[in-house]
There are 2 protein chains.
Amino acid sequence: MSNSLDPTITHYLSENNLPFKDFFQFGLSVDCVIFGYQQKSLKVLLIQRGAEPFQSKWAIPGDLVNPGEDLNASANRILKHLTGLENIFVEQFHTFGKTDRHPAGRVVTVGYFSLVRGENYQPVASNWASDIGWFDVEDLPDLAFDHSQIMDAAINALRKKVRTEPIGFNLLPPKFTLLELQGLYEAVLRQKFDKPNFRKKILGTGILIPLDEVQQNVAHRPAKLFRFDLERYHSLGREPFSFEL
Amino acid sequence: MSNSLDPTITHYLSENNLPFKDFFQFGLSVDCVIFGYQQKSLKVLLIQRGAEPFQSKWAIPGDLVNPGEDLNASANRILKHLTGLENIFVEQFHTFGKTDRHPAGRVVTVGYFSLVRGENYQPVASNWASDIGWFDVEDLPDLAFDHSQIMDAAINALRKKVRTEPIGFNLLPPKFTLLELQGLYEAVLRQKFDKPNFRKKILGTGILIPLDEVQQNVAHRPAKLFRFDLERYHSLGREPFSFEL
DNA sequence: TCAAAAGTGTTCCGAATACACCCATGC
DNA sequence: GCATGGGTGTATTCGGAACACTTTTGA
């Protein structure tokens with residue numbers, strides 16, 4: 001990475017009598033809202049801060065971006081650090097840059113949300129987290145910084161995205177039943193669906209592959225297992241005009 | 001804005017043997033893709049760079065964020081500066097932070113897109129633009145930096161948003177005909193619509209107010225004028241489950 | 001009277017909805 | 001047997017697509 005200056009920038013700075021350092025003085029962080037689906041509820045993974053400011057407050061996991069690190073790499077690093085998982089679904093949704101959002105100075109944070117399966121993560125104690133845990137999205141504690149606002153935006157982004165793209169599968173194990181899938185959508189969208197119609201709709205898309213496997217050890221008729229077919233999804237034509245999703 | 005340090009940050013830095021300055025060394029800019037609708041086509045406003053790097057290349061208008069300035073304020077400042085307009089539709093869509101995206105160093109840019117009506121702007125020459133002009137989105141020149149990528153993302157964000165929320169009206173004058181509205185959607189979505197069905201669908205939403213006015217001096221039956229009713233829109237219940245917009 | 005665009009009505013079809021009903025398993 | 005969830009079929013309704021048609025203006 002070069003330290004030479006962009007003539008455009010220097011020109012601008014001298015025109016406006018501004019010292020150079022003021023313009024490369026931003027702190028940059030990534031915050032990652034990690035969603036999970038457990039006990040038929042949508043959950044988020046939060047950490048409890050181990051230091052001031054906001055010591056002992058719950059917060060969205062995040063970290064400063066390293067100077068030579070891409071934003072996505074930063075988000076993946078946080079996920080790896082916290083859950084031990086790699087190659088999981090992660091997506092940027094909004095950047096928060098209010099001047100007063102961080103008491104230490106101008107720190108702009110890029111918000112990501114991530115979807116992980118079940119509880120198969122490694123909770124890792126760290127220097128910046130005294131505790132870590134899953135919270136129901138319907139019952140969240142007060143959060144540090146502007147994290148409540150970031151959380152709201154993340155949940156809205158998830159709800160919006162889940163309606164138009166088949167990302168919900170990232171919250172389920174690779175093999176799942178249709179009623180598990182329905183429960184997931186009901187939890188995310190806070191909405192009940194009719195079982196027969198849900199089946200028809202999902203199966204009608206052709207993006208689910210029925211497996212030759214069924215549930216084991218259940219006190220009722222065992223359900224057939226399915227898996228999501230990403231290839232078939234991509235080979236579909238889409239997007240009618242709806243205007244009001 | 002305080003210059004005191006976040007103990008979390010300093011702790012982290014000392015733990016990792018990293019100098020403080022490395023973490024507040026980010027440059028931050030805002031790039032604003034300005035869309036317009038003219039001659040039945042979707043256009044964007046570009047500037048021609050007056051300085052290196054990428055001198056004389058076309059680029060998305062943007063600027064460094066001032067230290068005490070919110071991101072949205074920055075976007076609005078750029079719009080005001082370039083078009084003379086205030087209070088116009090603007091929305092953040094994505095943040096671009098590849099380490100090598102700017103030759104001068106680590107500059108992260110927050111992408112916004114904006115919708116303006118017709119050509120009622122004041123093209124302003126400036127120290128960082130040698131020229132300025134509208135380009136058809138279907139026929140764009142090579143752009144400076146990673147701006148082609150940013151432009152693609154902006155167009156996709158607009159297409160996605162225009163399907164689910166009534167933002168298209170920001171590209172039209174306050175009073176418009178249904179066929180003008182239809183032409184706008186056709187240009188943005190690259191798709192033809194059936195006139196009778198389009199009318200029924202739009203009118204059926206109840207978000208358009210018919211005015212007691214018609215077109216003047218047209219060589220055919222003059223069309224009724226309508227305006228968009230934001231209040232009525234907000235008082236609507238929405239969102240069925242579509243999964244495939 | 002003709003061109004051009006505005007505006008309406010009707011038919012058809014497929015998807016979404018609302019149900020009623022049967023099936024397989026563990027206890 | 002019976003409780004529990006798995007799974008299917010059908011009738012109805014609603015909205016979208018296709019398209020034929022009439023109306024109003026300027027030239």
Side-chain angles (χ1 to χ4, degrees), chain A residues 37 39-40 162-164 166 172-173 175-187 189 191-227 236-245, chain B residues 39-40 162-164 166 172-173 175-187 189-227 236-245:
Chain A
Y37 176 64
Q39 296 110 242
K40 297 187 177 239
V162 93
R163 287 175 181 282
T164 53
L172 291 177
K175 302 172 181 180
F176 49 85
T177 72
L178 288 179
L179 240 67
E180 283 167 0
L181 184 63
Q182 180 178 341
L184 165 66
Y185 275 97
E186 290 179 341
L189 297 176
Q191 191 181 156
K192 286 285 173 193
F193 295 103
D194 178 83
K195 182 176 50 151
N197 295 336
F198 185 86
R199 295 178 68 87
K200 268 178 280 186
K201 178 155 191 171
I202 297 292
L203 257 17
T205 64
I207 60 174
L208 289 192
I209 306 276
L211 302 172
D212 286 330
E213 258 180 279
V214 293
Q215 285 179 315
Q216 301 296 328
N217 302 320
V218 284
H220 54 76
R221 174 176 173 179
K224 202 179 197 24
L225 294 175
F226 292 83
R227 68 173 182 83
L236 254 51
R238 278 171 236 99
E239 39 198 339
F241 178 63
S242 96
F243 194 78
E244 205 67 280
L245 168 60
Chain B
Q39 295 108 241
K40 297 187 176 240
V162 93
R163 287 175 180 284
T164 52
L172 290 176
K175 301 171 181 181
F176 51 84
T177 72
L178 288 178
L179 239 67
E180 283 167 359
L181 184 62
Q182 181 177 342
L184 165 66
Y185 275 97
E186 291 178 342
L189 297 176
R190 282 223 217 78
Q191 190 180 157
K192 286 285 174 194
F193 295 103
D194 178 81
K195 182 177 49 148
N197 294 336
F198 185 87
R199 294 178 67 87
K200 268 177 281 186
K201 178 157 193 169
I202 297 292
L203 258 15
T205 64
I207 59 174
L208 289 192
I209 305 276
L211 302 172
D212 286 331
E213 258 180 279
V214 293
Q215 284 180 313
Q216 300 296 327
N217 301 320
V218 285
H220 55 76
R221 173 174 174 180
K224 202 180 201 16
L225 294 175
F226 292 82
R227 70 173 180 83
L236 255 51
R238 279 172 235 99
E239 39 199 342
F241 179 63
S242 96
F243 194 77
E244 203 68 279
L245 168 60

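For the numbers below, each heavy atom of this structure counts, side chains included, while hydrogens, waters and symmetry mates do not. Quick note on labels: first sequence line is chain A, next is B, and so on, each numbered from 1.
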Please report, rounded to the nearest Å, how far the [atom2] atom of [N] is from the [atom1] atom of [X].
X      : N      : atom1 : atom2 : value
B/L179 : D/dT24 : CG    : P     : 18 Å
A/I202 : D/dT8  : CD1   : C1'   : 17 Å
A/L178 : C/dC23 : CG    : P     : 20 Å
A/R199 : C/dC21 : CZ    : P     : 19 Å
A/F193 : D/dG7  : CZ    : C1'   : 19 Å
B/F198 : D/dA17 : CZ    : P     : 12 Å
B/Q191 : D/dG16 : CD    : C1'   : 13 Å
B/K192 : D/dA17 : NZ    : C1'   : 17 Å

Inter-residue atom distance [X].[atom1] - [Y].[atom2], 0.5 Å rounding:
X      : Y      : atom1 : atom2 : answer
B/L181 : B/E186 : CG    : CD    : 10.0 Å
B/L189 : B/L184 : CG    : CG    : 8.5 Å
A/K201 : A/D194 : NZ    : CG    : 12.0 Å

Contact check, residues 215-225 of chain B vs DNA chain C, heavy-atom distance under 4.0 Å, returns B/H220, B/R221, B/P222, B/A223, B/K224
May I ask you to test the [X]-[Y] pair for a side-chain heavy-atom distance under 4.5 Å?
X      : Y      : value
B/L208 : B/P210 : no
A/Q215 : A/H220 : yes
A/T177 : A/L225 : yes

B/K224 side chain vs B/L211 backbone, donor-acceptor pair below 3.5 Å
yes
**Prompt:** If you draw a 6.0 Å radius around NZ in A/K175, do more than 12 non-hydrogen atoms from other residues or ligands fall strictly inside?
**Reply:** no
**Prompt:** Among A/I209, A/I202, A/L178, which one satisfies side-chain contact (heavy atoms from CB on, under 4.5 Å) with A/F226?
**Reply:**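 Passing option: A/L178.
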Any protein N or O atoms within reach of nucleotides 9-14 of chain C? Criterion: under 3.5 Å, listing atom names and distances.
| unit_1 | atom_1 | unit_2 | atom_2 | d |
| --- | --- | --- | --- | --- |
| C/dT10 | O4 | B/K200 | NZ | 2.8 |

query: Any N or O donor-acceptor pair linking the side chain of A/K195 to the base of D/dG7 at under 3.5 Å?
result: yes
